[in-house]
Amino acid sequence: MIQKLKNDHWPIFLLSSLSSFGNLFLPIILVRFLTPEDVGIYKIFFLHLSAIPFLFMAGGPVNSVFYWTGKEEREQKTYLNATWSLSLMIAGVILGVGFLLKDFVSQNLDLPHQYVSILIMTGAFYSPSGHFSESSIALKKNIGPLLDTIFELMKAAGFIFIAWKFKSLSYIFIFFSSYILLRVLICTYLNKRINDIGLRTTKFHLQKVWLYCTPIAFSGLLSFFVDKVDMLLLSTHLSASSFAFYSMGCLVVPPLYLLEMSVQKVLIPDLSKSYTEKNSEAGAEAFRKAIKNISFLIIPSFFGLFVFAKPIIRFLYTDQYLDSVIFLQIFAFSYLLLLFPHDSAARATGQTGWILKMYLIITPLLLVAAYLSAIYLGAIGVLTITLVIKFIPKFLGLRFSKQTMGWQWRDMFPLKHLILFVTICIVLSLFCKLCESYFKNDIHWFLVCGSTFGILYLASSNLIGTRGRYAHV
């Protein structure tokens, strides 16, 4: 049993979740020490920081390690070396281009030059700092997620201490730049010491890695715009404080995203193997299992965020951020996008060009719709319309997976489990709403009924036997 868990997605998910809880609580604590204006700048800074690796396609080489570890052992090392070398080369390009455009960036983002310098430096090394973790996971070593957990907890602790002690956004950004540089240095050392990954490679292997990861990275860029277009547009249309209200309503619960990512990291190799062996049934079973594992937590999380939106905002961010409630209720629907690993078959079979083609179609549509919504419908309209359009690539990806893997629609979904999870959540949501009037305030209602919701959901799943058959579809 223990060996099975080690080989499943749970070690990655549990270790990643531990660190992600630190990031989840960061805004909750920061809003109590920083002004809404500073919180807005903090959100804008990290929004554009996350954009830099996508703009320069820096994540492609790092994320491609999962593909190259499937190569023969004698070639595997050279390909992994190529991914590391290429990620550092791209970091150098980001630094060069970034500092050339520093004045332009500072003017357009309305950020001080000091913040922009830190933004460029940390953006350049953000992807390389994660190479050791990703390559360790690909090589079936749990040291990578463990080190990630330590680093993320250290970052969260540093941010909280600085906000409490100095109440200074500048000091937080300076600390963050030191943290990224330290992480890259340790990553370089451990990559060589533990994973035997260095800079020795060939031009041929660099080209092969680049040709493989470019469609994925460019698709990632388009996917980023699809995912963050509302934030990017509204960060220029709203004041810093208004953007803080909007971004706080778009509450990111990192463990839910990490769940989907960790399941995908197990699913893709399984699909690749079944595709190579022409074992359609095994691939479909792995796909159903992935959806079931994701939906077990995603479905109750969606209902919980929607039903308890107001007390969640009040409890996490104080009454000062109650304008964020409506955004949270709409944003809760975005978690349903995580239910279906729509591009896993394309990645597993090496048909990454399809991902690029899909996003080349979707991204212009979304950009136009979001821009018009920002002008005529405001923040609520932007969030709603962009969310609806984001479901389109999900459907297209599922159809592509069906055709590529030779599945039938009925083979792809664990319908009994999905119906069970949704039914339990509907019943519990109605029960919680009926109980609301019996509580003195919505915080008490949330704490009592929210906990009851979670306990009864798990108990119901266990009672019916879902939990007992969790590893089997």
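Everything numeric here is computed off the predicted structure, so don't read it as measured data. Just so you know, residue 1 is the first one in the sequence shown, and it goes up from there.
Of all heavy-atom pairs spanning Gly123 and Ile94, the tightest one is O-CD1, 4.2 Å. For Thr363 against Phe225, the heavy-atom pair with the smallest separation is CG2-CB, 4.3 Å. Between Leu271 and Ala348, the shortest heavy-atom contact is CB-CB, 3.6 Å. Scanning all heavy atoms of the two residues, the minimum distance from Leu206 to Ala82 falls at CD2-O, 3.5 Å. Across all their heavy atoms, Ser429 and Phe453 have their closest contact at OG-CE1, 3.6 Å. When all heavy atoms of Ser87 and Pro128 are compared, the pair lying nearest together is O-CG, 3.7 Å.
Using a distance-only test at 3.5 Å, with no hydrogens or angles considered, no donor-acceptor pair links the side chain of Arg200 to the main chain of Asn81. Thr78 contributes no side-chain N or O that, together with a main-chain N or O of Thr201, makes up a donor-acceptor pair within less than 3.5 Å. No donor-acceptor pair under 3.5 Å is formed between the side chain of Ser129 and the backbone N or O of Val184. At distances below 3.5 Å, not a single donor-acceptor pair connects side-chain atoms of Thr83 with backbone N or O atoms of Val62. In this structure a side-chain-to-backbone donor-acceptor pair under 3.5 Å is missing from Thr404 to Ser401. Judged by distance alone, the side chain of Tyr457 and the main-chain N or O of Phe296 form a donor-acceptor pair under 3.5 Å.
Ring geometry, Phe413 versus Trp409: the interplanar angle falls under 30°, so the pair is classed parallel (tilted spans 30 to 60°). Note: His417 and Phe421 have tilted aromatic rings, judged against thresholds of 30 and 60 degrees for the angle between ring planes.
Contact of the Leu119 side chain with the Ile52 side chain is registered, since non-hydrogen atoms from C-beta on lie closer than 4.5 Å. The shortest side-chain heavy-atom distance between Glu285 and Glu281 does not fall under the 4.5 Å cut-off. In this structure, the side chains of Leu95 and Phe125 come closer than 4.5 Å at one or more pairs of heavy atoms. Residues Val382 and Leu233 have side chains not in contact (no heavy-atom distance under 4.5 Å, counting atoms from C-beta outward). Contact annotation: the side chain of Pro311 approaches that of Trp445 to within less than 4.5 Å [non-hydrogen atoms, C-beta and beyond]. Using a 4.5 Å heavy-atom cutoff, the side chains of Ser274 and Met405 are in contact. Between Ser135 and Ile197, the closest side-chain pair of non-hydrogen atoms falls below 4.5 Å. Looking only at side-chain heavy atoms (C-beta outward), Pro53 and Phe224 stay at 4.5 Å or farther from each other.
Ring-centre distance between Phe340 and Phe391: not below the 6.0 Å cut-off.
Evaluated for a ring pair (Phe, Tyr, Trp, His ring centres under 6.0 Å) with Phe331, the options Phe333, Phe327, Tyr335 yield exactly one hit, Tyr335.
Taken to the nearest 0.5 Å, the CG atom of Leu259 stands 7.5 Å off from the CG atom of Asn293. Annotation: the span from Met248 atom CE to Leu316 atom CG amounts to 9.5 Å, rounded to 0.5 Å. Note: Met57 CE to Trp210 CH2 = 4.5 Å, rounded to the nearest 0.5 Å. In this structure, Ile326 CD1 and Thr384 OG1 are separated by 7.5 Å, a value rounded to the nearest 0.5 Å. Taking CG from Leu383 and CG from Leu377, the interatomic distance works out to 12.0 Å, rounded to the nearest 0.5 Å. The OG atom of Ser373 sits 9.0 Å away from the CG atom of Leu366 when rounded to the nearest 0.5 Å.
At most 12 non-hydrogen atoms from other residues, nucleotides or ligands lie less than 6.0 angstrom from NZ of Lys310. Within a 6.0 Å sphere centred on NZ of Lys192, heavy atoms belonging to other residues, nucleotides or ligands number more than 12. Counting non-hydrogen atoms of other residues, nucleotides and ligands closer than 6.0 Å to OH of Tyr371 gives a total of 12 or fewer. Heavy atoms from other residues, nucleotides or ligands lying under 6.0 Å from CZ of Phe315 number 12 at most.
Between Glu436 and Lys433 a salt bridge is recorded (basic side-chain N to carboxylate O distance below 4.0 Å). Between Lys390 and Asp227, at least one side-chain N (NZ, or NE/NH1/NH2) sits under 4.0 Å from a carboxylate O, which counts as a salt bridge.
Residues passing the side chain to side chain donor-acceptor pair (under 3.5 Å) test with Ser133 are Asp148, sequence neighbours excluded.
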Q.
Set out, in order, the CA-CA distance, both residues' side-chain angles and the distance that settles side-chain contact (heavy atoms from CB on, under 4.5 Å) for Phe287 and Leu398, then state yes or no.
A. CA-CA 11 Å; Phe287 196 78; Leu398 291 173; 3.8 Å; yes
**Q.** ring pair (Phe, Tyr, Trp, His ring centres under 6.0 Å) between Phe151 and Phe132, intermediate numbers included
**A.** CA-CA 13 Å; Phe151 268 116; Phe132 170 73; 9.6 Å; no
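Pairs passing the ring pair (Phe, Tyr, Trp, His ring centres under 6.0 Å) check and including a residue from residues 73-94, sequence neighbours excluded, read Trp68-Tyr79, Tyr79-His205, Trp84-His131.
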